[in-house]
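Presented below is the structure to which this report refers.
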There are 2 protein chains.
Amino acid sequence: MQNMQRIYQNPPTHLVAVDCIIFGYEQEDLKLLLFKRQLPPAQGEWSLIGGWVNEDCTVEQANQHVLKTLTGLEGIPMEQVSIYSKPDRDPGGRVISISFYALINVQEKGKELEKQFGAEWFSVKELPNLIFDHNEMVADALRKLRFDGSKTLLGHGLLNEEFTLSQLRSLYNSIYDKEFDPGNFRKKILSLKVLERLNKKDFSESKKGAFYYKYKPDNEIEYNERIVNLK
Amino acid sequence: MQNMQRIYQNPPTHLVAVDCIIFGYEQEDLKLLLFKRQLPPAQGEWSLIGGWVNEDCTVEQANQHVLKTLTGLEGIPMEQVSIYSKPDRDPGGRVISISFYALINVQEKGKELEKQFGAEWFSVKELPNLIFDHNEMVADALRKLRFDGSKTLLGHGLLNEEFTLSQLRSLYNSIYDKEFDPGNFRKKILSLKVLERLNKKDFSESKKGAFYYKYKPDNEIEYNERIVNLK
DNA sequence: GCAAAAGTGTTCATAATACACCCATGT
DNA sequence: ACATGGGTGTATTATGAACACTTTTGC
């Protein structure tokens, strides 16, 4: 710090924060994990989780640290969404914030979060008012998620390791808020050649049974086509 | 500052900078405006221009301020590209930097910049070594530019107010480093319905002459299709 | 046998690509 | 008259969307 100020002659410094937008999927519905804010200002209101960026780490590392500290989750891939820097966006002071989103499996990891950390899952269609500009952050993250899902097959994180094409289609239905045609969706997804079919069927949703699929190893996956047409 | 620290109990603060990636177009070639760095560290080496984010402004405003101060350019639309936050990315100290790109007209505005501000235009194909991680910033900005140009018609800023379709095609050729088919390019661009043809021709490049076009007013422009297929 | 999801096939409309060909005109 | 870039038209292929149809099996 001394060193830097000597060289750069005391330019202003800022609090820099990261905020995590945690998406989950359950019961044909895209969900968002929200927390009751623990400290003032706006203590007790619904909020994303966030934390400070420290001296010796990147914003990505800071974000992973926040996620681990406040939810116990580790090694979840996260996507950077945007920067928020209006001087008055946080009534507690001038904070520059960088947002990331994560996709997690509600079945596997979501339930204990609700208990241990006082978190709650909300449908993205019925979100409460969030503190500061967090609603805007969520909207931006959802836009980024839709964009990412248009060129990369989502499911990793949100679904179980093994899933049926119907489950995947329901996930896409919920993310894009529309009904994909079953036949066309299946053809499109299989044409990407990123999934491999297992010799196992899920009989919970039909008598005939639907084959389970899983992702090929990451290093065998390459995306060359669009999956969803955004307009 | 007092206020904020009282509430937030002294989390670390950071120097936050913005960096401007300035693209231009001249002689069928996409160019980048570089400057000799004025202050240590790395004084005298080729660099992007940048500056500090102040207390009372957004990063977008800081970026506009830098551009105005260091080039005299005002009101140029800029696109945010990414954040760079490796703790050791700037040997002068821990600086978190946010990059933006701008498109400017070399003919109209570029020449005096070279004289007044000691700047120099480089072909993006033959860039010198830049300080810190600035080469990475440029690469990221170019990727973002290509992406933006795939769903929005570029030319605003880079070309003159009035331009021919051949000029526009040459611009696209230089940005994507490939040869667009003249006939198909023209059909694609006109199908977007964002240009209007003028009753004027440019005879400098052919005997027959090519019609000038200009953009329709912004509020009449809407993009629904892709222009370039990225793979 | 029938309902219901799984899965396949067919058709039609649209978009991308390659490329042939006409136009205008200065030399 | 011909070379050159401007501009138009056409054939081929690839892709997307709509939807009919077949399969399987529990009830």
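Lettering follows sequence order; numbering is per chain, from 1.
Within residues 159-173 of chain A, the residues having any heavy atom under 4.0 Å from DNA chain C are, by residue number, Ser166(A). Interface residues of residues 186-194 of chain A facing DNA chain D, ordered by number: Lys187(A), Lys188(A); criterion, heavy-atom separation under 4.0 Å.
The distance between the ring centers of Tyr25(A) and Tyr172(A) does not fall below 6.0 angstrom.
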Are any protein N/O atoms closer than 3.5 Å to N/O atoms in nucleotides 20-26 of chain C? If there are, list each pair with its distance.
residue: dC23(C); atom: O2; partner: Lys208(B); partner atom: NZ; Å: 3.3

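Under the 4.0 Å criterion applied to side-chain N and carboxylate O atoms, Lys144(B) and Asp148(B) are assigned as salt-bridge partners.
Side-chain polar atoms of Ser123(B) and Asp29(B) form a donor-acceptor pair below 3.5 angstrom.
A donor-acceptor pair is defined here as one N or O able to donate and one able to accept, closer than 3.5 Å; such a pair exists between the side chain of Lys216(B) and the backbone of Lys193(B).
Of the candidate nucleotides dG16(D), dT17(C), dG6(D), dG6(D) has the atom nearest to the side chain of Ser206(B). Comparing dG7(C), dG7(D), dG16(D) against the side chain of Ala210(B) picks out dG7(D) as the nearest.
Atom-to-atom, CZ of Phe211(A) to P of dA5(C) comes out at 19 Å; the value is rounded to the nearest Å. The distance between atom CG of Asp181(A) and atom C1' of dT10(C), rounded to the nearest whole Å, is 13 Å. The separation between Glu225(B) atom CD and dT17(C) atom P is 13 Å, rounded to whole Å. In this entry the distance linking OH of Tyr176(B) with P of dA16(C) reads 14 Å, nearest Å.
Atom NZ of Lys201(A) sits in a crowded spot, with more than 12 heavy atoms from other residues, nucleotides or ligands closer than 6.0 Å. Applying the 6.0 Å contact sphere to CD of Glu161(B) captures no more than 12 heavy atoms from other residues, nucleotides or ligands. A 6.0 Å sphere centred on CD of Glu220(A) holds more than 12 heavy atoms belonging to other residues, nucleotides or ligands. The neighbour count for Lys86(B) NZ, taken as heavy atoms of other residues, nucleotides or ligands under 6.0 Å away, does not exceed 12.
In this structure, Leu168(B) and Leu153(B) have side chains that are in contact, with non-hydrogen atoms separated by less than 4.5 Å. Using a 4.5 Å heavy-atom cutoff, the side chains of Thr164(A) and Glu205(A) are not in contact.
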